[in-house]
Amino acid sequence: MMKVSYFIFLLVLLTTCTVIDAFDRGDIILLHNFDGSDEEAIWKKFLNPLIQLVATDRGDQALRIERNLPNSPSTFISIPLPALALCGYKIRIQANIKAAHISIPPNSWNGIKIMLHTKGLSGDNYPQQNLPRGTFDWRTADYIASIPRDTQQANLVLGLEAVTGTVWFDDVKVIVYNKLRPPPPSPPPPGLPFKGHNLTRLRGAMIGTNLKEQDFRDFGSWNANHIRWQLMWNGFPHSPADNGDISAYEIWLESALKHLDSMLPVCRELGMHILIDLHTPPGGRNDEKECNLFKEKRFQDTFISLWEKIARRYKNESIIWGYDLVNEPVEGIVPDDVMDWQQLATVTIEHIRAIDSEHAIIIEAAPWGGPGVLADFEPLPFSKIVYSFHMYEPGTFTHQSVYDDIPPVSYPGIIDGKMWNKDQLRVNMKRVLDWQHDYNVHIYVGEFSAIRWAPGSSAYAYLRDVIDIFEENNWDWAYHAFREWPGWSVEHIGDKDNTQYSPIPTDRQNLLMNWFTQNEH
Ligand SMILES: *[C@@H]1O[C@H](CO)[C@@H](O)[C@H](O)[C@H]1NC(C)=O
Ligand SMILES: *[C@@H]1O[C@H](CO)[C@@H](O)[C@H](O)[C@H]1NC(C)=O
């Protein structure tokens, strides 16, 4: 009860996120079991014929939400969370859920909703747990979500979106999952931040996994000076690594490194500085796309020893810029006997530094390496680290019709209810700029892109604007991606069905090549 009145006190006082260290891991933010008269009093105002408190087969009460008519509005309850007090934290959202006759959703993200919706200056976020359709008995939903620092409103949304059927929610609980990162040093550390190279800028791209010498020569003819070399085992986010067979993983990794070795001479000749990116960590990902690296200790042991192996192999190689330890790490709920990302990165860097004291180590924040989570990341206690984020915001625009066919989304324009233009992109990435200044570290944009079938010149306009901002901020950057999945290819025109290389350079290819003319090698 103490805590609950404390929240109300905070809510009255705060009008913007002030990032205060008010909570400990495990503090309960919200707890509803839907039993008894107190709960009935709380929920009364939400109830209607489709949203009811009902007795369950377990002898208590639950919240039941129904949707019978496919063309009716989606049925939701939206429970406000104390956003201004929670900004900067990660929360754990839990509930017991049972369902009957949930229809096939039109889009992958529709269906039963137990979703956080955060709203802030940088944009909206909708982290959720995917649940099956059809009929299932009581099961647990349990996931971690971030409340970005600039959040102004946060709601927990329960219900059914664009599907018919019945869902029961019980024991809905939101708890604090982490401590807030400590405040930055004041003043920030002095001197020039470590970049790991002596060039004005690294400008290049992620590349496909099986490129031949001629591909490197072609990219060299564009005057790129950087490639992000993905060690990816046959697919992302899912890969054969998901099976958890460590000896098969090690065989794959060795073959991937042999391919890198064979291309080092041509990269050296072309002055293409390479970042080694572990795109498929040992253990792969689970159904929730969380890295199994954060589920089982044996994968962490393999992870540490593979980075020792890579460091031993490339410690004298000057065309290697650095080591990007995990691409887009996602922890989910980390068991007590397994290290979280902060701890694992720390231990791995100690092991690498015992072998290779020089090469840059590149760190992305969890989950998913976006700009918001980097701004909540506590820098690691080492020098010679470069921090990286991936820029795909707003994802509704950059990833349109990648997973589901949706109506075309233009940039600049209103996206997810917000005007997105260069100013908004600047606001979005200011979080990273502020964080960078607080800690005096160098920033690398390891991926950014816009799907080539975005309408008209939208993809070009988005890429032009984000690159301008990277350049304003002196950030190194790698376009996603050169001769990888054709959806991201600047050598293909906007027509989704056209799978041939364009006979003349596209506006997006010319944009990259124009920037590359400034490259040193
Ligand atoms: C950058 O230049 C300095 C000074 O010449 C040199 O010591 C260092 O090794 C160079 N770094 C790289 C990565 O080439
Ligand atoms: C790296 O350089 C050191 C010092 O020159 C040398 O002893 C070592 O064998 C080299 N290692 C590799 C992997 O080439």
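Counting starts at 1 for both ligands and their atoms, following the listed order. The figures that follow rest on heavy atoms only: side chains count, while hydrogens, waters and symmetry mates do not.
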For this session: Among all protein heavy atoms, pick the one closest to atom 12 (C) of ligand 1 and tell me residue, atom and distance.
Result: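 Atom 12 (C) of ligand 1 sits closest to the protein heavy atom N198 ND2, 3.6 Å.
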Exercise. Is it true that R149 and D376 have a side-chain N and a carboxylate O under 4.0 angstrom from each other?
Worked result: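 The answer is yes: the pair qualifies as a salt bridge.
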For this session: Give a yes/no on ligand 1: does G196 have at least one heavy atom closer than 4.0 angstrom to it?
Result: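 So G196 counts as touching ligand 1.
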Exercise. Got Q400 and F397 here, is their nearest side-chain heavy-atom distance under 4.5 Å?
Worked result: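 Counting from C-beta outward, Q400 and F397 do come under 4.5 Å.
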For this session: For atom 9 (O) of ligand 1, decide whether some protein heavy-atom distance is shorter than 4.0 Å.
Result: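 False for atom 9 (O) of ligand 1.
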For this session: Check whether any protein heavy atom sits under 4.0 Å from atom 4 (C) of ligand 1.
Result: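 Given the 4.0 Å limit, the answer for atom 4 (C) of ligand 1 is no, no protein heavy atom qualifies.
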Problem set entry | Polar side-chain atom of K295 near backbone of R285 as donor-acceptor pair, under 3.5 Å |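 No.
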Exercise. Going from OG on S221 to CD on Q214, what distance comes out if it is rounded to the nearest 0.5 angstrom?
Worked result: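 So the OG of S221 and the CD of Q214 are separated by 8.5 Å.
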